[in-house]
Structures are given as structure tokens and as C-alpha cells.
Number of protein chains: 2
Amino acid sequence: MLALSLLDRAGAAGAKITPQRKVICRALECSGDHPDVDQLLARARESDPGLSLASVYRTLRALEDLDLVWKHDFGDGRARYEVRHDDHHDHLIDTISGQIVEFHDPELEALKKRIAARLGYRLEGHSLALFGRPADGESQTP
Amino acid sequence: MLALSLLDRAGAAGAKITPQRKVICRALECSGDHPDVDQLLARARESDPGLSLASVYRTLRALEDLDLVWKHDFGDGRARYEVRHDDHHDHLIDTISGQIVEFHDPELEALKKRIAARLGYRLEGHSLALFGRPADGESQTP
DNA sequence: CTATTTGCAAATCATTTGCAAAAAT
DNA sequence: ATTTTTGCAAATGATTTGCAAATAG
């Protein structure tokens with residue numbers, strides 16, 4: 001019972017529970033990847049074909065404002081979304097396949113804070129994306 | 001004589017030298033900050049009032065393709081540009097003032113490569129921006 | 001009941017592009 | 001002379017918004 005659903009957390013934060021929000025939240029939670037708005041709309045429309053693009057945008061914005069989802073920019077034009085969990089991670093984008101690899105590195109976390117502090121700042125957030133190609137002998141044909 | 005101008009480097013790379021490119025390159029080189037396209041257009045128009053927005057976009061794109069300028073995304077909608085020098089640095093965005101602080105951290109550079117390697121990738125690039133507010137007792141009134 | 005949310009279509013904003021004229025090599 | 005670049009204006013693509021009808025609390 002530790003994990004409240006995205007919808008429940010939004011409700012607890014005061015958001016009204018609508019059928020479209022239910023569907024959008026569920027679609028995002030069921031996404032193992034980092035869908036963009038169109039992908040999310042398509043997935044949510046499997047449950048509610050009448051769902052509008054505007055509602056997806058508005059819902060995602062609301063969830064982002066509540067700090068319940070992360071909005072990412074991975075370099076291509078569109079925003080990508082992901083449910084925000086306690087565990088923090090960053091992303092590496094495979095420039096060959098477009099695949100996104102998540103990783104967590106405590107050393108990196110500490111270093112970011114230390115750098116900000118050195119500059120006289122308190123770290124509030126960051127955006128980090130690594131871009132790389134599979135090293136020889138790994139996943140792709142070289 | 002070690003430092004070729006942006007324009008010279010573009011010319012050396014085969015780009016045609018036009019008056020508008022001269023003005024755009026000079027404007028970017030004289031910018032101590034990280035101007036967006038509109039700012040750059042405004043600055044360049046001080047020298048050439050007839051300069052078009054499209055030429056600024058096209059020139060920046062060409063310079064970026066030649067790896068002569070960096071294109072940054074600092075979270076607001078627009079792209080920011082900066083002449084690319086040998087020294088590498090990342091950015092911290094002051095969330096209070098919007099000021100951008102540049103920094104370089106060798107430990108961070110090494111760590112990024114190490115993380116990519118651990119995941120089986122060769123690092124090709126990265127985008128990193130830290131967001132923070134001035135720590136108490138520093139630059140701003142708390 | 002009253003404030004919020006929805007779908008639609010039109011509006012925005014940054015960026016790109018087609019085209020004919022102008023200019024660089 | 002040939003190819004590239006320019007300015008303009010129209011096109012694009014992602015995201016936002018005005019509005020009247022629908023709906024959650």
C-alpha cells in the first residue's frame with residue numbers, strides 16, 4: 001500500500017477526478033518508456049477514443065505542476081513524460097537506436113550538489129542527458 | 001594569432017563569406033552571454049538593419065553543423081547560442097535572476113564518460129544544466 | 001449549484017522552407 | 001557562369017487558449 005497511483009496522488013493534491021484524467025494517468029503509468037504527447041494520446045484513446053489532445057496537454061501540465069510527473073527534453077522537438085517516483089535517475093540516449101537508458105549514479109548526484117554549492121547556489125533541479133553510441137562488442141553491430 | 005575568428009573558421013570550412021554572415025558571426029562573438037535568435041538578430045541589425053530573421057536561423061544552423069557554435073536549451077522555449085571554443089564548460093541557471101553561470105569540472109567530465117562506459121556506450125555528447133538559487137549570504141537578498 | 005474541465009477550433013510561438021532575385025566564388 | 005545565399009512570406013509543428021457545453025464535488 002505504499003505506492004499510491006498517479007491518479008490518487010493527483011486527487012489527494014486537490015485535482016478533480018475525471019474519466020479522461022483516469023485514462024491519461026493510467027496510460028502514463030503503464031508506459032515503460034518516456035512517451036511524448038501524441039504517443040500518450042494514442043495509448044489513452046485505446047480506452048477512451050473521444051479523448052482530446054488538449055486534455056492530454058492540460059492534464060500533463062497539471063501533473064507537472066504538482067510535481068507528479070517529469071517532463072523531459074531529449075533533444076528532438078517534443079516533450080517526453082514519465083511518472084515521478086522517489087528514485088532519481090538520469091538518461092542516456094542511444095544515438096543509433098533512439099533507445100533511452102536510465103541510470104542512477106550517487107557519485108553524480110553528490111557531484112552536482114557540490115558544484116552548485118561551489119558556485120554559491122543551492123541546487124533546485126537539473127537536466128542531464130548523455131548521448132552515446134553502443135561501444136564495440138555491445139548491443140549493436142559496429 | 002592562435003584564435004581564428006568564427007567567420008574565418010567558417011570560411012576555412014568552405015562556407016561562403018557574405019556580409020550578413022560577417023555581421024552575425026561578429027554579433028555572436030561579441031556576445032558575452034548566450035543570446036537567443038531574436039537577441040542575436042537585434043544585435044546584428046545594429047550593423048545591418050536589413051538583415052532577415054531567416055538568415056540568422058540559417059547561419060546558426062550552418063555554424064552548428066560545422067561544430068563552430070553550441071546550441072543550448074535552457075528550459076525556456078527558445079534556443080540559445082554560444083561560440084564553441086576548445087574549453088568545455090557546462091551551465092548553471094540562476095532560477096531567480098535567470099543569469100547563466102558557466103563552470104567546468106574535470107571530475108564531472110570524467111564521471112560522464114565513466115557512466116556511459118559502464119552502460120556500454122561511448123559518450124558522444126551530453127546536455128547538462130543545473131538549476132539553482134543563490135545560497136544564503138551569496139549574491140542575492142535571501 | 002458553482003467552479004472546474006472538456007472538446008473543438010482558432011491562435012501562438014519558435015523554427016523552417018519555397019521561391020525568385022541577388023551575390024559569392 | 002554556376003551554385004549558394006538572401007529576404008519575404010507562407011508553411012510547419014508543438015503547444016496553448018477562448019469559448020460554450022458538460023460534469024465533478
Side-chain angles (χ1 to χ4, degrees), chain A residues 6-28 34-66 68-81, chain B residues 6-28 34-45 47-66 68-82:
Chain A
L6 184 51
L7 185 73
D8 289 339
R9 286 186 284 158
K16 289 196 175 180
I17 306 303
T18 69
Q20 18 286 82
R21 286 180 178 178
K22 275 184 196 166
V23 165
I24 295 167
C25 287
R26 183 145 37 87
L28 185 55
H34 304 73
D36 61 36
V37 175
D38 285 316
Q39 291 174 316
L40 202 52
L41 175 64
R43 291 172 196 181
R45 274 188 173 163
E46 289 171 19
S47 305
D48 174 359
L51 181 65
S52 78
L53 181 60
S55 288
V56 177
Y57 272 108
R58 285 192 272 231
T59 298
L60 286 172
R61 153 109 78 169
L63 293 172
E64 202 202 342
D65 289 345
L66 293 172
L68 296 178
V69 309
W70 286 115
K71 180 182 188 177
H72 296 295
D73 170 30
F74 290 152
D76 45 12
R78 53 228 133 143
R80 313 294 216 82
Y81 292 86
Chain B
L6 184 52
L7 185 73
D8 290 341
R9 286 186 284 160
K16 289 195 175 178
I17 306 302
T18 70
Q20 19 284 84
R21 285 179 179 179
K22 276 184 195 165
V23 165
I24 294 166
C25 287
R26 185 146 34 88
L28 185 55
H34 305 74
D36 62 37
V37 174
D38 285 315
Q39 290 174 315
L40 202 52
L41 175 65
R43 292 172 196 181
R45 274 187 173 165
S47 304
D48 174 359
L51 181 65
S52 77
L53 180 61
S55 288
V56 178
Y57 272 109
R58 284 192 273 232
T59 298
L60 286 171
R61 151 109 80 167
L63 293 172
E64 202 203 342
D65 289 345
L66 293 172
L68 297 179
V69 309
W70 286 115
K71 179 182 188 177
H72 297 295
D73 171 31
F74 291 152
D76 45 12
R78 54 228 133 141
R80 313 294 217 82
Y81 292 87
E82 170 181 29

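Throughout, a chain's letter reflects where its sequence line sits, starting with A, and its residues are numbered from 1. These values consider heavy atoms only, across backbone and side chains, with no hydrogens, waters or symmetry-generated copies.
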Find the distance R45(B):CZ to dT6(D):P and express it as a whole number of Å.
14 Å

Would you give the length of the straight line joining atom NE2 of H34(A) to atom OH of Y81(A), rounded to the nearest 0.5 angstrom?
13.5 Å

Please give, in whole Å, the distance from dA14(C) C1' to L41(B) CG?
13 Å

How would nucleotides 20-25 of chain C be written as a contact map, 5' to 3', with B for base contact, S for sugar-phosphate-only contact and - for no contact, using protein heavy atoms under 4.0 Å?
----BS

Is it true that a side-chain atom of R43(B) and a backbone atom of A27(B) form a donor plus acceptor pair closer than 3.5 Å?
no

When rounded to the nearest 0.5 Å, the distance separating CZ of R58(B) from CD of Q20(B) is 10.5 Å

To the nearest 0.5 Å, what is the distance between CG on L28(B) and CG on L6(B)?
6.0 Å

What is the separation between atom CD on Q39(A) and atom P on dT15(D), rounded to the nearest whole Å?
12 Å

Please work out which residues in residues 57-66 of chain A have a non-hydrogen atom less than 4.0 Å from an atom of DNA chain D and list them by number.
Y57(A), R58(A), R61(A)

What pair of heavy atoms forms the shortest contact from I24(A) to S55(A), and how long is it?
CD1-O, 3.8 Å

Ignoring backbone atoms, establish whether R21(A) has a side-chain N or O less than 4.0 Å from OP1 or OP2 of dT6(C).
yes

What distance separates L66(A) CG from R9(A) CZ, expressed to the nearest 0.5 Å?
10.5 Å

Rounded to the nearest 0.5 Å, how far apart are CD of E64(A) and CG of L60(A)?
8.5 Å

Between dT16(C) (C1') and L53(B) (CG): distance, integer Å
10 Å

Figure out the NZ/P separation between K22(A) and dT5(C), and round it to whole Å.
15 Å

Checking R21(B) side chain against K16(B) main chain: does a donor-acceptor pair fall under 3.5 Å?
yes

Positive for side-chain contact (heavy atoms from CB on, under 4.5 Å) with R45(B), one of L40(B), L51(B), V56(B):
L51(B)

Length of the line joining R78(A):CZ and dG13(D):P, which is rounded to integer Å:
12 Å

Looking at dT5(D), dC8(D), dG7(C), which one has an atom nearest to any side-chain atom of S52(B)?
dC8(D)

